[in-house]
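Report on one structure; see the data block that follows.
For this chain, numbers begin at 1 and follow the sequence in order.
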Amino acid sequence: MNIANNILKRSLQNVYFFVGTACGGKTTMGKELSKKYGFAYFSDNWNESNWKEWESVICEKYQPFSYNGGRSLSNEEYFGRSVEEFLADKKRNQTANMESIAFSIIEIIKLAQKNTVVADIWIEDYEFLLEISDHSKIACLLAPGELIIRDYYQRDDHIAFTKAIQALENPEQKFEVQNELFRIHAKEEFEKAAKYNLFNIVRNEESTVEKTLMLLEKHFCLVNNG
């Protein structure tokens, strides 16, 4: 049984969605908003525990891309690919992403039964997002490619990723491939935010948690817009 998006939307009425680029502030602002207003916070930044939970429900019939998509390449082979090779695999990755999104949506609906929820989940298909939510409940937090490159590898939750590349042959070359992928993805996210007319905040050197929180509160009508 497939659940229609309009039915999902009815169950997600009290959910605020954060989407956008890496290092745009989704996790920080999601936690800040939740703390200030007592909202429940949900993130699909896969840590070991929730990844194991997701893996426990995957089956070949319903999640074929995730089931068969376990990476068999070594780190050297995987990160040694070119930008073009990574991009060629993008469609498959997007399909696997939508399979995991279904799992996240169910978890969010469970939380939303008794709470207002802030959801920081990796949805790349904004057309789908707008079928299960409204513009007024979505915020797109963006960072330019060069800012992502500067900050991404230093974050505590990305240290394992960074160390994995550093341990390989010619790490500088492999980092440059990842950097170019960050630039491409950032450009795509900026373009999608404009295409779908999503409320967005672009992080820059003058951005602060306080200023960004104020903008989000106004957008979500948590304070008087006047």
Side-chain angles (χ1 to χ4, degrees), residues 5-6 8-9 12-33 41-45 83-84 86-98 100-102 104-105 108 117-152 155 158 176-223 225-226:
N5 289 344
N6 63 315
L8 291 177
K9 185 174 183 177
L12 295 166
Q13 293 179 77
N14 60 333
V15 177
Y16 298 112
F17 286 96
F18 283 167
V19 293
T21 68
C23 301
K26 301 186 299 297
T27 300
T28 298
M29 301 317 306
K31 290 180 178 180
E32 286 291 325
L33 202 65
Y41 173 70
F42 179 89
S43 172
D44 67 358
N45 285 329
V83 171
E84 291 73 23
F86 272 103
L87 294 178
D89 205 30
K90 185 175 181 180
K91 185 174 182 180
R92 179 183 181 86
N93 291 338
Q94 288 174 333
T95 303
N97 170 245
M98 288 305 295
S100 68
I101 287 298
S104 294
I105 292 296
I108 292 168
V117 180
V118 178
D120 166 16
I121 62 176
W122 182 36
I123 296 181
E124 291 193 292
D125 186 346
Y126 289 177
E127 187 170 333
F128 163 74
L129 179 59
L130 285 167
E131 288 186 1
I132 64 170
S133 187
D134 293 311
H135 281 87
S136 62
K137 302 285 182 65
I138 302 168
C140 188
L141 303 185
L142 302 167
E146 297 308 315
L147 191 153
I148 297 172
I149 293 166
R150 185 195 71 184
D151 291 357
Y152 186 88
R155 284 178 42 166
H158 298 151
E176 187 48 48
V177 169
Q178 296 304 309
N179 293 346
E180 185 59 22
L181 292 171
F182 283 136
R183 295 183 186 102
I184 291 170
H185 183 254
K187 182 175 182 292
E188 291 174 344
E189 291 299 304
F190 274 77
E191 291 174 347
K192 287 193 300 181
K195 176 181 178 180
Y196 291 100
N197 194 31
L198 292 181
F199 170 81
N200 65 87
I201 302 173
V202 179
R203 184 181 162 205
N204 57 42
E205 300 300 336
E206 283 72 47
S207 296
T208 65
V209 170
E210 293 75 20
K211 289 179 182 178
T212 305
L213 183 60
M214 287 177 59
L215 293 172
L216 290 170
E217 288 174 318
K218 289 181 179 180
H219 171 61
F220 291 142
C221 296
L222 298 172
V223 295
N225 281 292

Practice problem: Measure from NZ or CZ of Lys192 to the centre of the six-membered ring of Tyr126, then state whether that distance is under 6.0 Å and the direction lies within 45° of the axis. | Solution: yes
Would you check if the side chain of [X] reaches a backbone N or O of [Y] as a donor-acceptor pair within less than 3.5 Å?
{"X": "Ser133", "Y": "Leu129", "result": "no"}
{"X": "Asn200", "Y": "Leu198", "result": "yes"}
{"X": "Lys137", "Y": "Gln13", "result": "yes"}
{"X": "His135", "Y": "Tyr196", "result": "yes"}
{"X": "Thr21", "Y": "Ala143", "result": "yes"}
{"X": "Thr212", "Y": "Val209", "result": "no"}
{"X": "His185", "Y": "Ala22", "result": "no"}
{"X": "Asn97", "Y": "Trp122", "result": "yes"}

Nearest 0.5 angstrom please: [X] [atom1] to [Y] [atom2], how far?
{"X": "Ile149", "Y": "Asn179", "atom1": "CD1", "atom2": "CG", "result": "4.0 Å"}
{"X": "Ile108", "Y": "Ile101", "atom1": "CD1", "atom2": "CD1", "result": "7.5 Å"}
{"X": "Asp120", "Y": "Thr27", "atom1": "CG", "atom2": "OG1", "result": "4.0 Å"}
{"X": "Glu84", "Y": "Asp89", "atom1": "CD", "atom2": "CG", "result": "13.5 Å"}
{"X": "Asn197", "Y": "Cys140", "atom1": "CG", "atom2": "SG", "result": "11.5 Å"}
{"X": "Glu188", "Y": "Lys195", "atom1": "CD", "atom2": "NZ", "result": "11.5 Å"}

With sequence neighbours left out, the residues meeting ring pair (Phe, Tyr, Trp, His ring centres under 6.0 Å) with Phe86 are Tyr78
Looking only at heavy atoms, which two atoms of [X] and [Y] are closest? And how far apart?
{"X": "Cys23", "Y": "Leu147", "value": "O-CD2, 4.2 Å"}
{"X": "Lys26", "Y": "Phe18", "value": "O-CD1, 3.5 Å"}
{"X": "Ile138", "Y": "His219", "value": "O-NE2, 2.8 Å"}
{"X": "Ser136", "Y": "Phe220", "value": "O-CD2, 3.3 Å"}
{"X": "Gly20", "Y": "Leu142", "value": "CA-CD2, 4.1 Å"}
{"X": "Ile121", "Y": "Val19", "value": "O-CG1, 4.1 Å"}

Assess whether a salt bridge exists between Arg183 and Glu146, defined as any Lys/Arg side-chain N lying under 4.0 Å from an Asp/Glu carboxylate O. yes
### Task
Determine, for Arg150 against Glu205, whether the closest basic-nitrogen to carboxylate-oxygen distance falls under 4.0 angstrom.
yes
Student check: side-chain heavy atoms of [X] and [Y] closer than 4.5 Å:
{"X": "Phe42", "Y": "Ser104", "answer": "yes"}
{"X": "Asn6", "Y": "Glu131", "answer": "no"}
{"X": "Leu222", "Y": "Leu33", "answer": "yes"}

* Got more than 12 heavy atoms from elsewhere within 6.0 Å of NZ, Lys9? -> yes
Might you confirm whether atom CD of Glu191 has over 12 heavy atoms from other residues, nucleotides or ligands at distances under 6.0 Å?
yes
Parallel, tilted or perpendicular, as decided by the 30° and 60° cut-offs, for the rings of Tyr152 and His158: parallel
task = May I have the step-by-step check of side chain to side chain contact (heavy atoms under 4.5 Å, CB included) for Leu141 and Leu216, ending in yes or no?
result = CA-CA 10 Å; Leu141 303 185; Leu216 290 170; 4.3 Å; yes
* To do: Test side chain to side chain contact (heavy atoms under 4.5 Å, CB included) on Val15 and Phe17 and set out the steps.
  => CA-CA 6 Å; Val15 177; Phe17 286 96; 3.8 Å; yes
Problem set entry | Steps toward side chain to side chain contact (heavy atoms under 4.5 Å, CB included) verdict (Ile184, Val83) | CA-CA 10 Å; Ile184 291 170; Val83 171; 3.9 Å; yes
